[in-house]
Amino acid sequence: MRPPILACLFLRIAADSCSGERYPPAGNGEPAPLQRLREAQIPDVLSRLTNLTITLPEMPEMTTGVSTRVGGPAAARGQPDSGAIPTPHVGRMDLNGIERSMNRYGFHVVENAFDSEWCDNVRRELSRLRDRGLLTKEKVRLATLEANSTSANPCFGHIFPPYNGIKSLDLVKNGTYQPPPKAGVPSLEMLVRGPDVSTLLLSLNARIPQYRLRGIQGLRVRHVSRLGSGGEHLHYDAHEDPERGLGLYLFLGKNWTSVNDGHLRAHPFPFKARDIVPKFNRMVLVDSRHTMTRLMPSTPVVSKTLKPTDGWWVCIWLRGGKAMPPQEIPVPRSVMASLRFLYDPKKRLLVQRVITMDEVLESMLEAFHAPRRELDKAVNFYRTITLRLEAAFPKNFIELMKTHLPLEPLPGTSA
């Protein structure tokens, strides 16, 4: 078999160059190497390369990813083929300051968390689910304190009342993706089943390793109507499922302001509650075991200039280890001696339940749509157990806690 012409010529030129030989110009003034290349019938070689056919082996389908086009599996579920799906771009997420926020307050706010075009895609796909009637009234399992005990460990009641005006759909349960029937949410499917999850977990574990995050436990989408919607009761996310370690709340709704309400209220005990205004592509990370949260009701707004769209809360819960509550308590020096008790994380959880009892009970009455008898039974049970817990502390200590708590967040902090 004859060696290729071009290869022989370039090898000859390289060898001559290394030997230091200089080529004298040819009779027409052209250097000898260029003359040789010109005489080598290069067009014939190129024509043979052009007609060359290369057959590649068929690549097996990836099991950890999903199709990046709507015309893939999503089309089989009735989704129109509209071209390539934008990627979430998790690697661009700005997590600066998350270590301090999570260690002090148990929550952190991220602006422009994902790619805006991807967020728009998610919002449109969720609107199609709503139009097809695939959302249902959300029901939750009420959590209470253990009876005959002062323990902070929750036990689960047997009442599953639906929320007033909140419709939702679970897309991931116990780590398993559950596609909606005859519909698709390819953008969210790309997030939960593609490589972005690994990227997100690596970034979070590098910054807040105490949470020991290890995968998605659940994903729920909640519809927030521009005409007004109900809210949640004040709770810990881990009470619904103890595997939850960190909650990610992403809001997708255009033209929302504080006038529309629908805030996400976080209780970073021992500090005052913080109401986080819903904003498009704003994400709130919350400690699922130690920071209480509540989605507040939204109100209809009639305005010629302000025309908000329906909003969505995309709630993603990550599995986590048994991390302790936020360890750093930036208590003002003026009350540090009186509040030294709060430096014990376990005792701080017990005090939090006593201090927040009234708001928890009030939120339960506002949030749930259930037979009054069943709801009153749950409220009375929670009150009875919490009062029993309060009685386990010295009376003067509880009075001191109620006098000083909750605290104002320190100036210059993100809470």
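- Here the closest non-hydrogen pair linking Asp120 and Phe280 is OD1-CZ, 3.7 Å.
- Contact detail for Glu232 and Arg222: the closest heavy-atom pair is OE2-NH2, 2.8 Å.
- In this structure, Arg289 contributes its side chain and Gly320 its backbone to a donor-acceptor pair below 3.5 Å.
- A heavy-atom distance below 4.5 Å is not found between the side chains of Val192 and Leu171.
- Considering CZ of Arg348 and CZ of Phe269, their distance stands at 8.0 Å, rounded to 0.5 Å.
- The closest side-chain heavy-atom distance from His263 to Val277 is below 4.5 Å.
- Ring-plane geometry between Trp118 and Phe114 is classed as tilted, the angle between the planes lying from 30 to 60 degrees on a 0 to 90 degree scale.
- Under a 3.5 Å cut-off, the side chain of Ser116 and the backbone N or O of Asn112 do not form any donor-acceptor pair.
- No donor-acceptor distance shorter than 3.5 angstrom exists from the side chain of Arg265 to the backbone of Leu234, with no hydrogens or angles considered.
- Contact of the Leu200 side chain with the Leu248 side chain is registered, since non-hydrogen atoms from C-beta on lie closer than 4.5 Å.
- In this structure the side chain of Glu390 reaches within 4.5 angstrom of the side chain of Lys402, judged on heavy atoms.
- A side-chain donor-acceptor contact under 3.5 Å links Ser363 to the backbone of Val360.
- The line from CG of Leu295 to CD1 of Ile166 is 5.5 Å long, rounded to the nearest 0.5 Å.
- Between the side chains of Trp317 and Asp237, at least one donor N or O lies within less than 3.5 Å of an accepting N or O.
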Report the C-alpha separation of Leu126 and Leu135 in whole Å, then their side-chain angles, then the decisive distance to 0.1 Å, and conclude whether the side-chain contact (heavy atoms from CB on, under 4.5 Å) test is met.
CA-CA 10 Å; Leu126 295 179; Leu135 304 181; over 6 Å; no
Test side-chain contact (heavy atoms from CB on, under 4.5 Å) on Leu219 and Asp170 and set out the steps.
CA-CA 6 Å; Leu219 189 153; Asp170 286 317; over 6 Å; no
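- Considering only heavy atoms from C-beta on, Leu95 comes within 4.5 Å of Ser203 through its side chain.
- Below 30°, between 30° and 60°, or above 60°: for Tyr249 and Trp313 the angle between ring planes is above 60°, a perpendicular geometry.
- Shortest non-hydrogen contact noted between Val172 and Gln217 is CG1-O, 4.0 Å.
- With rounding to the nearest 0.5 angstrom, the CG atom of Asp241 is 6.0 Å from the CG atom of Asn174.
- No side-chain heavy atom of Glu111 sits under 4.5 Å from any side-chain heavy atom of Asp94.
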side-chain contact (heavy atoms from CB on, under 4.5 Å) for Arg130 and Ser127? Distances and angles first, verdict last.
CA-CA 5 Å; Arg130 176 204 59 201; Ser127 297; 3.8 Å; yes
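- From Thr87, atom OG1 reaches atom CG of Leu191 across 10.5 Å, with rounding to the nearest 0.5 Å.
- Considering all non-hydrogen atoms of both residues, Gly262 and Pro278 come closest at O-CG, 3.0 Å.
- There is no side-chain donor-acceptor pair under 3.5 Å between His267 and Gln352.
- The shortest side-chain heavy-atom distance between Met190 and Pro88 falls under the 4.5 Å cut-off.
- Looking at every heavy atom in both residues, Asp287 comes nearest to Leu246 through N-CD1, 4.2 Å.
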Verdict with reasoning, Phe393 to Leu350, per side-chain contact (heavy atoms from CB on, under 4.5 Å):
CA-CA 10 Å; Phe393 293 101; Leu350 300 178; 3.8 Å; yes
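- Considering only heavy atoms from C-beta on, Val110 comes within 4.5 Å of Met93 through its side chain.
- When atom types are taken as modelled, the side chain of Arg274 and the backbone of Leu264 share no donor-acceptor pair closer than 3.5 angstrom.
- Contact detail for Arg353 and Leu389: the closest heavy-atom pair is CB-CD2, 4.2 Å.
- The distance from the NE2 atom of His108 to the CE atom of Met102 is 9.0 Å, given to the nearest 0.5 Å.
- Asn103 contributes no side-chain N or O that, together with a main-chain N or O of Glu99, makes up a donor-acceptor pair within less than 3.5 Å.
- One distance of note links CE of Met357 with CD1 of Ile385; it measures 12.0 Å at 0.5 Å rounding.
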Please step through salt bridge (Lys or Arg N to Asp or Glu O under 4.0 Å) for the pair Arg294 and Glu362, ending with a clear verdict.
CA-CA 12 Å; Arg294 179 189 180 192; Glu362 181 182 351; over 6 Å; no
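- Classification of Arg123 and Asp310 as a salt-bridged pair fails, no side-chain N sitting under 4.0 Å from a carboxylate O.
- Formation of a donor-acceptor pair under 3.5 Å by the Thr291 side chain with backbone atoms of Gly106 is found in this model.
- Proximity of a side-chain donor or acceptor of Asn205 to a complementary backbone N or O of Leu213 within less than 3.5 Å is detected.
- For Glu117, the CD atom counts as loosely surrounded, since its 6.0 Å shell holds 12 or fewer non-hydrogen atoms of other residues, nucleotides or ligands.
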